[in-house]
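Heads up, the thing below is written out as structure tokens.
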Amino acid sequence: MKRKLFLIVCSLFLGLPVYAQTLEKMNWFNEPGKWNIDGNRLSMNVTPKSDYWRISHYGFTVDDAPFYYAEYGGEFEAKVKVTGDYKARFDQAGMMIRSDHKNYIKAGIEYVDGKYNLSVVVTHHTSDWSVIVLDRPVESVWIKAVRRMDAVEIFYSFDDKEYILMRNAWMEANCPVKVGMMGACPDGDGFKAIFTDFSVRHLPDSVRTKWLDVNE
């Protein structure tokens, strides 16, 4: 009986629509000098000479770019639409998932040498960087992250319909993380980034769900 009731409750929750995260209740890390919230839209003037990177290749560590986040435990799907007025080399905007200053993933658009790149930086004590060079500028990109157990899958889309996998990265399981929107401007004098329709949808824990299935 309890098992049936549990399944009914789960089905009711899964049938509910996904609403955007309440932006006003989120928190800043490295708050920028100018930002604004209007409904489901966050705009920020990205702080000049700011970035997230640890050690590898360049030999420096920086952790000073703006990041607007909420904290989540467990497994989830997060999504956001990203638009930026990119100007200088390495201008970037997107989503970040972060447990601490040594462990984070950032994904979005990065402007390098006049080209738009789909960019993912994965940091576990040291940073790595992967890019997909686009053949033309894009007005916006949707970034989606799916966290399951000890992995985060990062997807991109240009229409919020077809999502393409761009990275699968490790992240410690059962560890609370900060999820939100970030911008960085390592070389330039700042630029405007806009984020809309940020949402985080809880996913039932896959290990627990499997255990429940076996132990009906």
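We're numbering straight along the sequence, starting at 1.
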Atom [atom1] in [X], atom [atom2] in [Y]: separation rounded to 0.5 Å?
X      : Y      : atom1 : atom2 : answer
Lys79  : Ile143 : NZ    : CD1   : 12.0 Å
Leu42  : Phe198 : CG    : CZ    : 10.0 Å
Met95  : Met181 : CE    : CE    : 8.5 Å
Met171 : Thr123 : CE    : OG1   : 9.0 Å
Glu75  : Arg201 : CD    : CZ    : 12.0 Å
Arg148 : Asp150 : CZ    : CG    : 12.5 Å

Could you check if a side-chain atom of [X] sits within less than 4.5 angstrom of a side-chain atom of [Y], using non-hydrogen atoms only?
X      : Y      : value
Lys81  : Asp160 : no
Met26  : Ile37  : no
Phe195 : Met44  : yes
Leu134 : Ile109 : yes
Val120 : Ser130 : yes
Tyr52  : Val121 : no
Val112 : Val131 : no
Val152 : Ile97  : yes

Would you say [X] and [Y] are hydrophobically clustered, going by side-chain heavy atoms of ILVMFWY under 4.5 Å?
X      : Y      : result
Met182 : Phe191 : no
Val122 : Val179 : yes
Val138 : Tyr156 : yes
Trp28  : Val82  : yes
Ile55  : Val62  : no

request  = If the plane angle is over 60° it's perpendicular, under 30° parallel, otherwise tilted; pick one for Tyr69 and Phe67.
outcome  =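 It falls in the parallel class, under 30°.
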query = Can you say whether the rings of Tyr58 and Trp53 are parallel (under 30°), tilted (30 to 60°) or perpendicular (over 60°)?
reply =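 Aromatic pair Tyr58/Trp53 classed perpendicular.
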request  = Given ring-ring contact (aromatic ring centres under 6.0 Å, His included), test Tyr116 with Tyr111 step by step and report yes or no.
outcome  = CA-CA 5 Å; Tyr116 285 62; Tyr111 185 68; 5.6 Å; yes
Would you say the side-chain atoms of [X] pair up with the backbone N or O of [Y], donor to acceptor, closer than 3.5 Å?
X      : Y      : value
Ser157 : Glu162 : yes
Asn117 : Glu110 : yes
Gln92  : Phe90  : yes
Asp64  : Asp51  : yes
Ser56  : Ser127 : yes
Tyr68  : Glu31  : no
His124 : Trp170 : yes

key: Remaining members of hydrophobic cluster (4.5 Å side-chain criterion), Leu203   =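 Besides Leu203, the hydrophobic cluster comprises Trp142, Val146, Phe155, Tyr163, Leu165, listed by chain and residue number.
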inquiry  = Can you tell whether the side chains of Lys192 and Asp85 come within less than 4.0 Å, N to carboxylate O?
reply    =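 Salt bridge absent between Lys192 and Asp85.
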message = Looking at Asp189 and Lys87, is there a salt bridge between them, counting it only when a charged N and a carboxylate O are closer than 4.0 Å?
response =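 Here Lys87 does not pair with Asp189 in a salt bridge, since their nearest N and O are not under 4.0 Å apart.
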message = Can you tell me which residue among Arg98, Arg54, Lys102 is in a side-chain hydrogen bond (donor to acceptor under 3.5 Å, both in side chains) with Asp63?
response = Arg98
Non-hydrogen atoms of [X] and [Y] that approach each other most closely:
X      : Y      : answer
Asn103 : His125 : OD1-N, 4.5 Å
Glu24  : Gly39  : OE2-O, 4.5 Å
Pro32  : Pro66  : CD-CB, 3.8 Å
Ala65  : Asn30  : O-ND2, 3.0 Å
Ser119 : Trp129 : OG-NE1, 2.8 Å
Ile105 : Ala169 : CD1-CB, 3.9 Å

ask   = Should we say atom NZ of Lys49 is surrounded by more than 12 heavy atoms from elsewhere, each under 6.0 Å from it?
value = yes
message = Is it the case that over 12 heavy atoms from other parts of the model lie below 6.0 angstrom from the CG atom of Asn174?
response =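 It does not: Asn174 CG has 12 such atoms or fewer within range.
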key: Check: Glu172/Ser99 side-chain N/O donor and acceptor closer than 3.5 Å   =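 No.
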inquiry  = Under 3.5 Å, is there a donor on one side chain and an acceptor on the other for Asn40 and Asp197?
reply    = yes
